[in-house]
Amino acid sequence: MTRIINLRQARKARDRDARRAKGDANAALHGEAKPLRDARQAERDRAARVLDAHRRDTPDE
């Protein structure tokens, strides 16, 4: 037996899926919120300072 499909609902579901995919792509492209970005950058800067503080200086030849 054939299943009856409501074309209006199918079209809306297709459009909803397309908008969700576009939103996911934009979220991946534009990243995260500014406070989170700033916190991650501060952590990277701190890790770089710690690494540089433990680095040995090589004598100039």
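Index from 1, following the sequence.
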Which side-chain N or O atoms in residues 6-15 pair as donor and acceptor under 3.5 Å with protein atoms at least two apart or in another chain?
from	atom 1	to	atom 2	distance (Å)
Asn6	OD1	Arg8	N	3.1

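The pair Glu43-Arg40 does not count as a salt bridge, with every side-chain nitrogen at least 4.0 angstrom from each carboxylate oxygen. Looking at Arg20 and Asp17, a side-chain N of the basic residue comes within less than 4.0 Å of a carboxylate O on the acidic one, giving a salt bridge.
Interatomic distance, Lys22 NZ to Leu29 CG, rounded to the nearest 0.5 Å: 12.0 Å. The line from CZ of Arg37 to NE2 of His30 is 11.0 Å long, rounded to the nearest 0.5 Å.
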